[in-house]
**Q** 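Input: one structure, supplied below.
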Amino acid sequence: MSSATTNIESLQAEGRIFNPPDEFAEKAHIKSMAELEALRAEAKADPEKFWARFAESELHWFKKWDEVLKWEPPHAQWFVGGKINISYNCLDRHLGTWRRNKAALIWEGEAGETRTLTYQQLHTEVCRFANVLKEMGVAKGDRVALYLPLIPELAISMLACARIGATHSVIFGGFSSSALVDRINDAQCKVVVTADGGYRRGKEVKLKAAVDEALKETPSVETCIVVFRTGSQVHMEAGRDHWWHLLETVNTDCPAEELDSEHPLFILYTSGTTGKPKGILHTTGGYLLQTHLTTKWIFDLKDEDIYWCTADIGWVTGHSYVVYGPLSNGATALMYEGAPNWPQADRFWEIIERHRVNILYTAPTAIRAFIKWGEEWPLKHDLSSLRLLGTVGEPINPEAWMWYHRIIGKEKCPIVDTWWQTETGAIMITPLPGATPTKPGSGTKPFPGIEADVMTRDGKSVGANEGGYLVITKPWPSMLRTIYGDDERYQQQYWSQIPGVYFAGDGARKDQDGYYWIMGRIDDVINVAGHRLGTAEIESALVSHEAVAEAAVVAKPDDLKGSAIVAFVTLEGGRIASDALKEELRQHVAREIGALARPDELRFADALPKTRSGKIMRRLLREIATSGLVAGDVTTLEDFSVLEKLRSEEE
Ligand code: PRX
């Protein structure tokens, strides 16, 4: 990252701080630094009162809470005793207003077909499907797995589950059948909703086939509902599998359940430092409040806006900022199913021009890909409808920030660089576009009501511009409540590394102005193209192959994807390293987890370098992967004996 650092310094030296344009600030929800600072001060003085103020004014409650926050560290309950339904907040409450006939979702398929659902229509679809789920025996508290392409039925299924108090577990369509097995079994899902297939770069992704494979090993699943999407031939198991469209005759009257504020809304699996993905559990009232308020203020949503978050709903960004945040605000959200460069490198810009998109929220990895494909693509299109740009998922290098600002934003759109995580549920560190002066590469400061810090491992705040661990020091409404089925791991992973504070797993520094600069993961989690993967997860996929004895996976910097995956593998006796085996192992990982986890590079080794106590020397492997040191040709085994002398240093 040294070139990025130099760049940040030179940008700062040049005084490159970008103030919100006056015409933007005048009309923004939060119009000035003074207003933002006043909100921060209010929240700091009495956080519970601050959050309660907006829970009351922004959300619909069937019954008001008795207690704003019950904090029994590290367990928080928000709006205890309150009764609420997120599906009601996203749909029903708009029906009594003119928004009834407003577009809630505008969907575009990869092949170019579009579908628009108004709030009224979405409500009808959600109620109908909620009744289908009930007929299938789904009751409050049951878990439902959703394994779908980015089509409206995914949002409909989520809202239908939420409506009846079933907990959804969305599994990204890029995950393989064995990843499905782990996730379905961990949550003991009763129903799986899928599609025959989806489209990606013109090719069909066969989802139902993956589900068929998975369901051989998931005894909890009684029913599988299949959306007719691609029309390809699929196997339908009598008694278990049902077509979505054939169930559509069910009645559309389905009042939203009055649920406890702490009722489990969803489980979303994410990678951690062990081989097993963690089921992050989010509940209802607090999650909705923070998602709603962050969407409103950070994206400065106006009723006339077309808002587009490009994330797949399979990730947390899609949950909070494609579905729940925008719909709760009564916004018009665009959903696009396919790849950014299909059929050509200007698909995003074409979509923005065609739908007159006003707000674009995407990932740095996409921006870097657009830079590589060339500015002629966006320059061919009229992007003048854009008024606000956002990024999420990984640090944005200042060069990419500047390109986004100049080429896409035409130097008139504020950029919100938003830091958060699956675990935080909603955005935590971010500019507010009408108020915060931005510095390219910095997420600026915490959202009002969020208390963050940068600390040493023993819990001391570090000084300005010193690196340390990013922590959150107070509970926040949309925080994860636990790891599903493993509360001990929740406590140990997040609240014990530095006792008493939430440990995010990211390195960071705060500059002299109190602006946060996120440096990336400091644990064994790799961020590949904005997708989070655990090295241990990929390693256990590799060692599950009969030819592999041991595996170590590290990240190396990659211009486009942020990080690339490099695997070092030792083979079982008698197995011969070859290009064919290398390819087989890469494919094996794709089968075990999904194509997103396939190692970019796989290197065979005689033995892995270890400390005397037997720990793999990852730092060393990272250096080797990055520098190419001890490189051999593809079939030559790495010889780590030359590194023996380093062992003592590592210990
Ligand atoms: O390392 C941070 C990075 O993404 C991680 C969270 O990944 P995930 O749970 O998959 O959620 C991604 C979308 C919210 C963080 O620990 N990250 C996320 N946003 C940023 C970021 N790193 C730097 N800047 C960001 N804006």
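The chain is numbered in sequence order, starting from 1. Counting convention: from 1, in listed order, for ligands and their atoms alike.
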**Q** In this structure, which one of Trp373, Trp308, Phe370 forms a ring-ring contact (aromatic ring centres under 6.0 Å, His included) with Trp349?
**A** Phe370
**Q** Could you list which atoms of ligand 1 come closer than 4.0 Å to a heavy atom of Asn527?
**A** 3 (C), 4 (O)
**Q** Check this for me - ligand 1, Gln421, N or O atoms closer than 3.5 angstrom, yes or no?
**A** yes
**Q** So is there a nitrogen or oxygen of Val316 less than 3.5 Å from a nitrogen or oxygen in ligand 1?
**A** no
**Q** Return the residue, atom name and 0.1 Å-rounded distance of the protein heavy atom closest to atom 3 (C) of ligand 1.
**A** Gly393 O, 3.3 Å
**Q** Taking a cutoff of less than 4.0 Å between a non-hydrogen atom of the residue and any ligand atom, is Pro395 in contact with ligand 1?
**A** yes
**Q** Give the minimum heavy-atom separation between Ile407 and Leu383, together with the two atoms involved.
**A** O-CD1, 4.4 Å
**Q** One residue to check: Thr418. Relative to ligand 1, which of side chain, backbone, both or neither has a non-hydrogen atom less than 4.0 Å away?
**A** backbone
**Q** So His531 and Phe172, would you call those rings parallel, tilted or perpendicular, with 30° and 60° as cut-offs?
**A** tilted
**Q** Is the distance between the ring centroids of Tyr494 and Phe503 less than 6.0 Å?
**A** no
**Q** Ignoring hydrogens and geometry beyond distance, is a side-chain donor-acceptor pair present between Trp107 and Tyr336 at under 3.5 Å?
**A** no
**Q** Honestly, is Arg457 close enough over Tyr469, meaning NZ or CZ under 6.0 Å from the six-membered ring centre and within 45° of the axis?
**A** yes
**Q** Looking only at protein heavy atoms, which one is nearest to atom 24 (N) of ligand 1, and what is the separation?
**A** Glu394 O, 3.3 Å
**Q** Between Lys439 and Tyr515, is NZ or CZ placed under 6.0 angstrom from the six-membered ring centre and within 45° of the ring axis?
**A** yes
**Q** Just going by heavy-atom distances, which of Thr422, Thr430, Thr317 is nearest to atom 11 (O) of ligand 1?
**A** Thr422
**Q** Please report the closest heavy-atom contact between Ser563 and Ile526, naming both atoms and the distance.
**A** CB-CG2, 3.6 Å
**Q** For atom 6 (C) of ligand 1, what is the nearest protein heavy atom, given as residue, atom name and distance?
**A** Trp420 O, 3.7 Å
**Q** Looking only at protein heavy atoms, which one is nearest to atom 15 (C) of ligand 1, and what is the separation?
**A** Asp506 OD2, 3.1 Å
**Q** How close does the nearest protein non-hydrogen atom get to atom 7 (O) of ligand 1, and which residue and atom is it?
**A** Arg532 CD, 3.5 Å
**Q** Determine whether the aromatic ring centres of residues His319 and Phe266 are separated by less than 6.0 angstrom.
**A** yes
**Q** May I ask you to list the atoms of ligand 1 that are less than 4.0 angstrom from any heavy atom of Val392?
**A** 13 (C), 14 (C)
**Q** What atoms of ligand 1 come within less than 4.0 Å of a heavy atom belonging to Ile518?
**A** 22 (N), 23 (C)
